[in-house]
Amino acid sequence: MTAVPSAATVSRDTAPGPAGPPRTPAARDGGPARTSRRRKARTGWLFASPALLTIAAVTVVPVLFSVLLSFAEVRLEYGGFRIASLTGDHYAAVLSSPEWREALLFTFGFTVVTVVLELVLGTVAALVLERLGAARGGVLAVLLLPWALINVVAAQLWGYLYNGTYGGLTWLFAQVLGHQPDILGQPASAMGAMVVVDVWKTTPFVAIVVLAGLMLIPGDVYEAAEIDGANAWTTFWKVTLPQLRPIMAIAVLFRILQAFGIFDLPFVLTQGGPGTATQSLAILGYKTLFQNLEIGRGAAVATTTAVIVIGCCLLFLRLFKAQADEGGRG
């Protein structure tokens with residue numbers, strides 16, 4: 001005896017599906033369009049592979065080799081060196097060294113002070129340049145001169161001005177103060193002199209970046225603020241500054257990377273002195289690796305510096321993203 005299906009079963013089994021023809025596997029995967037995108041992606045990777053291999057050869061491989069050396073006990077031999085064993089003692093020695101902590105403190109303080117000053121002064125310079133009109137080109141060319149100088153040349157130039165015997169600034173201070181100071185011979189004045197040089201040289205970079213951001217702000221935003229009765233100060237804080245946050249974040253990131261790896265400026269001006277007052281992490285790594293020939297410990301200094309600066313950049317990006325999200329919700 002054959003069972004007769006119920007009406008519900010018949011209606012469920014024979015009910016029409018969704019409108020339209022059934023989807024084939026090719027349709028579910030996107031069909032020819034998706035295949036074309038994949039082909040274009042493969043072609044793009046193929047054309048980009050020479051550049052990627054070059055970057056890997058000159059950047060990734062040396063970094064990985066430096067990390068390996070930081071864990072290695074290296075023996076110098078005639079014609080080269082030999083990795084005797086792997087150890088973590090180099091990091092323990094570096095992190096417990098007072099000289100490393102002093103270098104870290106100087107580098108961190110130098111980075112914070114210079115980046116803040118350059119961001120403030122660069123923003124002010126950009127606001128002034130935006131309002132110059134036809135004279136902007138000439139002023140911009142003059143402003144770019146310090147930034148265009150090679151770092152070593154700029155440091156040597158300021159070294160002449162700071163010289164304790166014939167320096168122009170030393171003579172000027174002697175006329176004003178009544179005595180001839182040794183600017184680069186005292187820890188506090190040497191650090192202040194280094195900050196002045198870096199701010200003088202790098203503020204134009206920040207100004208150019210911020211000026212580019214100002215030029216991208218639509219004019220109707222300012223018109224709406226003017227209609228609402230906002231004054232210049234309120235317009236800057238409520239309109240201009242929020243619009244500039246992304247471009248300012250880029251400028252700050254670049255400056256953190258550059259300032260934390262500062263080498264040429266203190267090396268030319270003070271050689272890290274007096275004593276170790278202006279010795280940055282980069283100079284400490286150079287002295288450890290190339291002067292003391294402690295390859296493993298020098299690589300450990302370089303690796304810890306890279307980890308610290310990457311951590312600072314990630315923290316800054318996280319804080320910036322949180323502020324941007326908060327501003328978007330507001």
Side-chain angles (χ1 to χ4, degrees), residues 29-88 90-91 94 107 111 115 147-153 201-202 205-206 208-209 212 246-247 249-265 267 280-291 293-318 320-321:
D29 294 339
R34 185 160 187 172
T35 303
S36 176
R37 288 196 299 269
R38 289 177 176 175
R39 187 181 299 112
K40 289 180 180 179
R42 288 195 296 268
T43 304
W45 282 107
L46 179 63
F47 280 108
S49 58
L52 295 176
L53 291 175
T54 302
I55 293 173
V58 302
T59 305
V60 178
V61 173
V63 168
L64 294 178
F65 186 64
S66 177
V67 174
L68 173 64
L69 289 179
S70 68
F71 287 100
E73 191 65 39
V74 182
R75 298 281 187 265
L76 295 177
E77 297 178 348
Y78 179 77
F81 63 89
R82 177 176 60 89
I83 297 178
S85 61
L86 296 179
T87 177
H90 298 310
Y91 286 98
V94 166
T107 305
T111 300
V115 169
W147 187 45
L149 287 177
I150 301 174
N151 290 342
V152 174
V153 175
K201 188 181 187 311
T202 319
F205 165 76
V206 180
I208 295 300
V209 174
I247 200 72
I250 295 174
V252 170
L253 275 180
F254 273 100
R255 286 302 304 131
I256 289 176
L257 291 172
Q258 293 173 346
F260 216 90
I262 188 71
F263 174 82
D264 38 21
L265 184 58
F267 186 81
S280 64
L281 288 172
I283 292 181
L284 176 62
Y286 166 80
K287 290 182 177 180
T288 305
L289 182 60
F290 294 105
Q291 292 185 358
L293 297 180
E294 299 178 13
I295 297 177
R297 188 171 296 187
V301 173
T303 303
T304 53
T305 304
V307 170
I308 291 171
V309 71
I310 291 173
C312 291
C313 290
L314 292 177
L315 178 61
F316 172 78
L317 286 175
R318 187 182 182 90
F320 171 76
K321 184 177 183 302

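All figures in this text were calculated on a predicted structure; none of them were measured in a lab.
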Taking the side chain as every heavy atom from C-beta outward, state whether [X] and [Y] have any atom pair closer than 4.5 Å.
X: Ile83; Y: Leu69; value: yes
X: Phe263; Y: Asn151; value: no
X: Ile262; Y: Thr111; value: no
X: Gln291; Y: Tyr286; value: yes

Aromatic plane relationship, Trp147 with Phe205 - under 30° parallel, 30 to 60° tilted, over 60° perpendicular: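 Tilted.
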Atom pair [atom1] ([X]) and [atom2] ([Y]), whose distance is rounded to the nearest 0.5 Å:
X: Thr202; Y: Arg255; atom1: OG1; atom2: CZ; result: 4.0 Å
X: Glu73; Y: Ile295; atom1: CD; atom2: CD1; result: 10.5 Å
X: Ile256; Y: Cys313; atom1: CD1; atom2: SG; result: 5.5 Å
X: Leu284; Y: Leu289; atom1: CG; atom2: CG; result: 11.0 Å

Residue pair [X] / [Y]: nearest heavy atoms and the distance that separates them:
X: His90; Y: Ala300; result: CB-CB, 4.0 Å
X: Phe290; Y: Leu293; result: O-CD2, 3.8 Å
X: Leu46; Y: Ser49; result: O-OG, 2.6 Å

Please check if atom CZ in Phe254 has more than 12 non-hydrogen atoms from other residues, nucleotides or ligands closer than 6.0 Å.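 Result for CZ/Phe254: open.
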Within a reach of under 6.0 Å around CD1 of Ile150, are more than 12 heavy atoms found that belong to other residues, nucleotides or ligands?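 No, CD1 of Ile150 has 12 or fewer neighbouring heavy atoms, counting only those of other groups under 6.0 Å.
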Is the backbone N or O of [Y] less than 3.5 Å from a side-chain atom of [X], with the two atoms forming a donor-acceptor pair by type?
X: Thr288; Y: Gly285; value: no
X: Ser70; Y: Thr303; value: no
X: Lys201; Y: Leu149; value: yes
X: Thr304; Y: Val301; value: yes
X: Thr107; Y: Leu281; value: yes
X: Ser66; Y: Pro62; value: no

Using side chain to side chain contact (heavy atoms under 4.5 Å, CB included), reason through Leu86 and Leu68 one step at a time and then give a plain yes or no. CA-CA 9 Å; Leu86 296 179; Leu68 173 64; 4.1 Å; yes
